[in-house]
Amino acid sequence: MAIQKYPVGQQDFGEIRRNGFVYVDKTKYIYKILTFSKYYFLSRPRRFGKSLLISTMECVMKGQKELFEGLYIHDKWTFEEYPVIRISFSDIGYRESGLETAINRSLDNNASKYNLELPQNGISQKFKELIIALNQKFQKQAVILIDEYDKPIIDYLDQENIHKARENRGIMKTFYSVLKDADPYLKLVFITGVSKFSQVSIFSDLNNLFDLSVQKEFNAICGLSQKEVKENFPKELEIYDLEKIRTWYNGYKWHYKGETVYNPFSLLNFFSSGDFRNYWYSTGTPTFLIELCRSQKFYAIDKVNLSQTAMDNFNIDKLQIYPILFQTGYLTISDYDEILNLYELDYPNMEVRASYLEGLLEAFSYNSEPLAPQTMQQLLRAVKAKNTNDLTKAINNAFAYIPYDLWQKENEHFYHAIIHLLFSLLGVYIHSEVHTKDGRADAIINIEEGIFCLEFKLDKTAQEAVQQVKDKGYLDAYRHLDKPCYIIGINFS
């Protein structure tokens, strides 16, 4: 039962404040931004409050002081009114009319709010014309707020439409190119997105753009800290198990010394319903991401190490999985090696881990039907009981979901991926392609009942698989753990 009015999906700061929805005060970050520099960029995953942050900034810069009663910024900012150009690329209709036409229309809409007409046709010149016209009309510098700048690229990253992503990248480069020369007319430029694409001019021409994304003091500018949750939802925490909520929805951070934060969309949905479910993931995982993982045979994440340069990389001409997973929120910073200057990345929480693995299992099996929970439990019980017949039956039941024609064209790696994902979803500690001194084990499962080495063969025999594990000593490195060791040879025929 809902205790407060939760702004689930609400992105309009004015509506939230006027209608009595709970609002977690983020205006201390806005005050820092307004009193520090002029050009900013913020990268955060979708559904993390970027649009609400933009809306809040707009209300500040339009001088709507009455909306900020009781908030941090209320008695610290002058609330002088500035002309605001706001463009949200998530709702300008570029899919229907094309990006250039959509930008033109958005600029005209911004101009009409101030009773201005823009005779220029090209998007860069029209953009510059609007900035100067606002400056001349109000004798004040303009504020530019751009939300989800990269959506016209991300929406077209699948192989079939990658040419459209490149085309839109070129259009955006032209559009943003005017900002550097427009500096005298600008009070603030704030741009948000999911990713930092290379070869887009806001990261090259605007060399004074301050990136807030990985700054420690702005780690919680979006998302909810533990302190914020305790202060704003005390009654909810009397009802629900805080540690379980943390396990499901906390865990994100963008600076290794920053504290972890909750996904606000998931947390508010949970407080609204009281049900532990996957809310964030179900709102739409990018199709290209799952396709990329499948095409590159990528399914195992065991604490990835990346440099800062690699984490920032997002080149549409050479997509790399780990940076994409980090920037889109499927991985987060879990540790940092100061000597090697390497970041350790891992799943942020149970919601993301389980949902992402389910998405991969669906993709690798080419089946949109979720695997029956009893089949997965049957698989785990068979391993723990060391029951060969039950294990064979469980694996066959799992693979019965896969369309028959796939059996003829896939290889050993395909079956390996399915098994890995099945055990990972069960919460079992499983490593894939474990390197040893004499080779590489297909999979190692480490559970209380023992160490299980799985070796896969295609159109051979299970006995050959078992013999390979013995000959190459794949289990030798685990003998010291004082656990029984078992070999499971699996042949797919």
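What's counted below: heavy atoms across the whole structure, side chains too, no hydrogens, waters or symmetry copies.
Between Gln11 and Ser55, the side chains place no donor N or O within less than 3.5 Å of an acceptor N or O (distance only, hydrogens not considered). With hydrogens and angles left out, the side-chain atoms of Gln226 and Tyr262 include a donor and acceptor closer than 3.5 Å. If you check the side chains of Glu351 and Ser266, you find a donor sitting under 3.5 Å from an acceptor. Side-chain contact annotation: Arg105 with Ser97, donor-acceptor N/O pair under 3.5 Å present. In this structure, a donor-acceptor pair under 3.5 Å is present between the side chains of Ser355 and Asn278. Side chains of Thr309 and Ser307: a donor-acceptor N/O pair is absent below 3.5 angstrom, by distance only. For the residue pair Glu15 and Asn19, a side-chain donor N or O sits within less than 3.5 Å of a side-chain acceptor on the partner.
A distance of 8.5 Å separates CD1 of Ile54 from CG of Leu42, quoted to the nearest 0.5 Å. Taking CD of Glu129 as the reference point, atom OG of Ser124 lies at 11.0 Å (rounded to 0.5 Å). We find the CD-OG distance between Gln327 and Ser195 to be 4.5 Å, quoted to the nearest 0.5 Å. Taken to the nearest 0.5 Å, the CD1 atom of Ile162 stands 12.5 Å off from the CD atom of Glu167. Here the straight-line distance linking atom OG of Ser43 with atom NZ of Lys50 works out to 7.5 Å at 0.5 Å rounding. Expressed to the nearest 0.5 Å, how far CD1 of Ile30 lies from CG of Leu34 amounts to 7.0 Å.
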Asn121 vs Asn104, side chain to side chain contact (heavy atoms under 4.5 Å, CB included): CA-CA, chis, key distance, verdict:
CA-CA 8 Å; Asn121 291 319; Asn104 256 308; 5.8 Å; no
Working note: Tyr114 + Phe138, criterion ring-ring contact (aromatic ring centres under 6.0 Å, His included); need CA distance, chi angles, decisive distance, verdict.
CA-CA 10 Å; Tyr114 295 99; Phe138 295 96; 5.4 Å; yes
How far apart are the C-alpha atoms of Asp155 and Lys164, what are their side-chain angles, what is the distance that settles it, and do they pass the salt bridge (Lys or Arg N to Asp or Glu O under 4.0 Å) test?
CA-CA 9 Å; Asp155 280 359; Lys164 193 69 177 176; over 6 Å; no
Apply side chain to side chain contact (heavy atoms under 4.5 Å, CB included) to residues Val261 and Glu228 and explain how you reach the verdict.
CA-CA 9 Å; Val261 299; Glu228 289 171 330; over 6 Å; no
Salt bridge (Lys or Arg N to Asp or Glu O under 4.0 Å) between Arg169 and Asp317, worked out
CA-CA 11 Å; Arg169 180 180 63 186; Asp317 297 315; 3.3 Å; yes
Quick one, Phe41 with Phe210, criterion ring-ring contact (aromatic ring centres under 6.0 Å, His included). Give me CA distance, side-chain angles, the key distance, then yes/no.
CA-CA 6 Å; Phe41 172 75; Phe210 188 72; over 10 Å; no
For Phe48 and Tyr252, what are the C-alpha separation, side-chain angles and deciding distance, and is it a side chain to side chain contact (heavy atoms under 4.5 Å, CB included)?
CA-CA 11 Å; Phe48 248 86; Tyr252 299 87; 3.5 Å; yes
Apply the test ring-ring contact (aromatic ring centres under 6.0 Å, His included) to residues Tyr343 and Tyr336: give CA-CA distance (whole Å), side-chain angles for both, the deciding distance (0.1 Å), then the verdict.
CA-CA 4 Å; Tyr343 290 87; Tyr336 176 67; 4.5 Å; yes
Let's go through Ile490 and Glu455 carefully: what are the C-alpha distance in whole Å and the side-chain angles of both, what is the deciding distance for side chain to side chain contact (heavy atoms under 4.5 Å, CB included) to 0.1 Å, and is it a yes or a no?
CA-CA 6 Å; Ile490 301 176; Glu455 190 65 27; over 6 Å; no
Salt bridge (Lys or Arg N to Asp or Glu O under 4.0 Å), that's the test. Do Lys128 and Asp181 meet it? Break it down for me.
CA-CA 9 Å; Lys128 185 175 182 179; Asp181 292 336; 5.3 Å; no
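Within 6.0 Å of NZ in Lys28 there are 12 or fewer heavy atoms belonging to other residues, nucleotides or ligands. Within 6.0 Å of OH in Tyr29 there are more than 12 heavy atoms belonging to other residues, nucleotides or ligands. Atom NZ of Lys460 has 12 or fewer heavy atoms from other residues, nucleotides or ligands within 6.0 Å.
The aromatic rings of Tyr299 and Phe364 sit perpendicular to each other, their planes meeting at more than 60°, with 30° as the lower class boundary. Relative ring orientation between Trp248 and Phe276 is described as tilted, the plane-to-plane angle lying within the 30° to 60° band.
Lys26 contributes a side-chain N or O that, together with a main-chain N or O of Gly223, makes up a donor-acceptor pair within less than 3.5 Å. Between the side chain of Asn168 and the backbone N or O of Pro152, at least one donor-acceptor pair lies under 3.5 Å.
A 4.5 Å side-chain heavy-atom check between His255 and Val214 finds every atom pair outside the cut-off. Between Leu53 and Asp147, every side-chain heavy-atom pair lies at or beyond the 4.5 Å cut-off. For the pair Ile16 and Leu52, the minimum side-chain heavy-atom distance is below 4.5 Å. Counting only heavy atoms from C-beta outward, the side chains of His420 and Leu454 never approach each other to under 4.5 Å. Residues Tyr322 and Leu331 have side chains in contact (heavy-atom distance under 4.5 Å, counting atoms from C-beta outward). The side-chain heavy atoms of Gln159 and Phe288, taken from C-beta on, include no pair separated by under 4.5 Å. Side-chain contact between Met61 and Tyr82 is present, with at least one heavy-atom pair separated by less than 4.5 Å. In this structure the side chain of Leu212 never reaches within 4.5 angstrom of the side chain of Trp254, judged on heavy atoms.
Geometrically, Arg47 does not engage Tyr279 in a cation-pi contact, judged by NZ or CZ lying under 6.0 Å from the ring centre and within 45° of the ring axis. Taking the centre and axis of the six-membered ring of Phe89, the NZ or CZ atom of Lys151 falls outside the cone set by 45° and 6.0 Å.
By the 4.0 Å N-to-carboxylate-O rule, Glu291 lies too far from Arg294 to be salt-bridged with it. Look at Lys253 and Glu259 and you find no salt bridge, because none of the NZ, NE, NH1 or NH2 atoms lies under 4.0 Å from a carboxylate O.
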